[in-house]
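In what follows, a single structure is set out as structure tokens and then discussed.
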2 protein chains.
Amino acid sequence: MLRIDLASRVPVYEQIANGLRAELVSRKFSPGEKLPTVRTLAINLGVHHNTVAEAYRQLANEGWLELKRHHGAIVRERNHPEAGPDTMERFTRPLRELVAKGLADGLSPSSLAREMIETARGLEERTAP
Amino acid sequence: MLRIDLASRVPVYEQIANGLRAELVSRKFSPGEKLPTVRTLAINLGVHHNTVAEAYRQLANEGWLELKRHHGAIVRERNHPEAGPDTMERFTRPLRELVAKGLADGLSPSSLAREMIETARGLEERTAP
DNA sequence: ACAATTGTACAGGATCGATGTACAAACATC
DNA sequence: GATGTTTGTACATCGATCCTGTACAATTGT
């Protein structure tokens with residue numbers, strides 16, 4: 001389940017969007033499925049429903065959800081868009097910084113490498129099943 | 001060189017700290033070396049010197065730098081700290097979310113996997129040189 | 001000695017995030 | 001059908017955070 005870190009400096013609505021996007025990418029929800037209403041999810045997470053609504057809106061802008069009044073948030077079939085030129089850079093840089101933070105926090109290089117390789121393996125499995 | 005994205009929502013001082021930390025972790029600077037003064041780096045990046053100072057302070061708190069007045073920021077020898085219990089979680093969750101964002105932006109799973117494996121390989125090289 | 005340099009301290013202004021409250025439209029129940 | 005409930009949305013507000021402007025103390029260089 002989603003967990004919100006109120007102490008974090010990254011906005012709650014983006015934490016929700018990030019978490020949901022991760023689940024959507026991993027096909028945890030099928031198209032047509034309905035996500036919880038903004039209020040129920042808000043209560044579950046202990047935040048305001050407008051905050052959840054903002055997260056839903058962001059995902060809807062990216063094409064993941066369809067928002068219809070009184071029909072909740074419906075998961076949409078989504079075809080992959082074209083990757084721009086700096087898109088890869090927008091991945092590699094935060095990745096390096098994330099690894100640096102992990103090392104700075106005392107994580108061993110081998111455990112970090114293992115985690116990344118595992119994640120990569122999971123990705124490739126979905127590519128050629 | 002460091003590049004600052006003023007449009008980004010992550011604070012500039014943290015962008016600077018993240019970028020420098022990544023370079024420090026990769027041993028791009030040797031202990032004893034001096035980093036640019038807050039003002040010169042600030043001019044280079046086009047930000048206020050107090051913003052750079054905040055980044056330096058953050059890195060000093062983590063033990064990467066030693067700040068002495070009129071001696072600039074000196075790179076320190078730094079021994080790895082103990083990793084807490086949730087430290088790994090603070091790495092895997094953002095990693096998953098980062099991958100999800102990459103996929104959402106149209107990056108192919110294989111290219112993401114390749115990048116992560118390459119980063120992991122670079123890490124392991126530094127482990128047993 | 002004196003000017004320049006350097007990191008720091010502190011106040012102000014702008015922006016942003018989370019909430020409180022109210023509203024319009026569709027649904028449920030009778 | 002009528003009415004109350006549910007749902008997403010809109011807007012104002014409060015608080016926090018970020019970046020900057022400005023000033024200052026301490027060291028350096030000449």
Side-chain angles (χ1 to χ4, degrees), chain A residues 2-21 24 29 32-76 94 97 101, chain B residues 2-21 24 29 32-76 94 97 101:
Chain A
L2 264 179
R3 259 189 20 201
I4 297 305
D5 180 12
L6 285 178
S8 165
R9 234 197 44 276
V10 28
V12 175
Y13 75 88
E14 188 156 333
Q15 291 183 46
I16 300 173
N18 287 344
L20 287 180
R21 192 188 299 108
L24 286 164
F29 302 109
E33 196 169 344
K34 285 185 184 177
L35 262 51
T37 68
V38 290
R39 282 162 222 260
T40 46
L41 183 53
I43 290 179
N44 277 4
L45 298 178
V47 296
H48 200 268
H49 59 259
N50 272 345
T51 305
V52 178
E54 180 63 31
Y56 276 11
R57 241 167 285 162
Q58 187 164 326
L59 291 173
N61 272 341
E62 298 174 12
W64 292 104
L65 301 180
E66 182 174 6
L67 293 182
K68 288 177 62 174
R69 279 179 162 245
H70 310 97
H71 293 81
I74 306 171
V75 177
R76 256 174 60 163
E97 297 181 352
K101 252 183 214 150
Chain B
L2 265 179
R3 259 189 19 200
I4 298 305
D5 181 12
L6 285 177
S8 165
R9 226 203 47 273
V10 28
V12 175
Y13 75 88
E14 188 156 334
Q15 291 183 46
I16 300 172
N18 287 345
L20 287 180
R21 192 188 298 109
L24 287 164
F29 302 109
E33 196 169 343
K34 286 184 183 176
L35 262 50
T37 68
V38 290
R39 282 164 221 259
T40 46
L41 183 52
I43 290 179
N44 277 3
L45 299 178
V47 296
H48 200 267
H49 59 260
N50 271 345
T51 306
V52 177
E54 180 63 32
Y56 277 10
R57 242 168 282 158
Q58 188 165 326
L59 291 173
N61 271 342
E62 298 173 12
W64 292 104
L65 301 180
E66 181 174 5
L67 292 182
K68 288 178 63 174
R69 280 177 163 247
H70 309 95
H71 292 81
I74 305 171
V75 177
R76 257 175 58 164
E97 297 180 352
K101 252 182 214 152

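Chain letters run A, B, ... following the sequence lines, proteins first and then strands; every chain starts at 1.
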Positions of residues 40-60 of chain B (non-hydrogen atom under 4.0 Å from DNA chain C), listed by number: B:H49, B:N50, B:R57
Per-nucleotide protein contact string for nucleotides 24-30 of chain C, where B marks a base within reach and S marks sugar-phosphate only (heavy atoms under 4.0 Å, - for neither): BBSS---
What's the separation between atom [atom1] in [X] and atom [atom2] in [Y], rounded to the nearest 0.5 Å?
| X | Y | atom1 | atom2 | answer |
| --- | --- | --- | --- | --- |
| B:T51 | B:L41 | OG1 | CG | 10.5 Å |
| B:L67 | B:R76 | CG | CZ | 10.0 Å |
| B:H49 | B:T40 | NE2 | OG1 | 11.5 Å |

Closest contact, heavy atoms only, B:L2 versus B:L45: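 Closest pair (atom of B:L2, atom of B:L45, distance): O-CD2, 3.7 Å.
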Chain A footprint on DNA chain D, 5' to 3' - any atom under 4.0 Å from a heavy atom: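 The contact span of chain A on DNA chain D goes from D:dT6 to D:dC18.
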Residue mapping more 5' on DNA chain D - nearest nucleotide basis, A:R9 or A:L67: A:L67
Residues that B:R69 engages under side chain to side chain contact (heavy atoms under 4.5 Å, CB included), provided they are two or more places apart: none
Salt bridge (charged side-chain N to carboxylate O under 4.0 Å, His left out) contacts touching residues 32-54 of chain A (sequence neighbours left out): A:E54-A:R57
Rounded distance (Å) that lies between atom C1' of C:dT21 and atom CZ of A:R39: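 About 11 Å, once rounded to whole Å.
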side-chain contact (heavy atoms from CB on, under 4.5 Å) between A:L35 and A:L20, intermediate numbers included: CA-CA 10 Å; A:L35 262 51; A:L20 287 180; 4.2 Å; yes
Contacts of type side-chain hydrogen bond (donor to acceptor under 3.5 Å, both in side chains), residue B:E66, not counting sequence neighbours: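 Applying side-chain hydrogen bond (donor to acceptor under 3.5 Å, both in side chains) to B:E66 gives none.
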Residue pairs fulfilling side-chain hydrogen bond (donor to acceptor under 3.5 Å, both in side chains) with at least one residue in residues 6-18 of chain B, sequence neighbours excluded: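 Sorted result for residues 6-18 of chain B: A:R9-B:E14, A:E14-B:R9, B:N18-B:R21.
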Heavy-atom check, side chain of A:L65 versus side chain of A:I74, under 4.5 Å: no
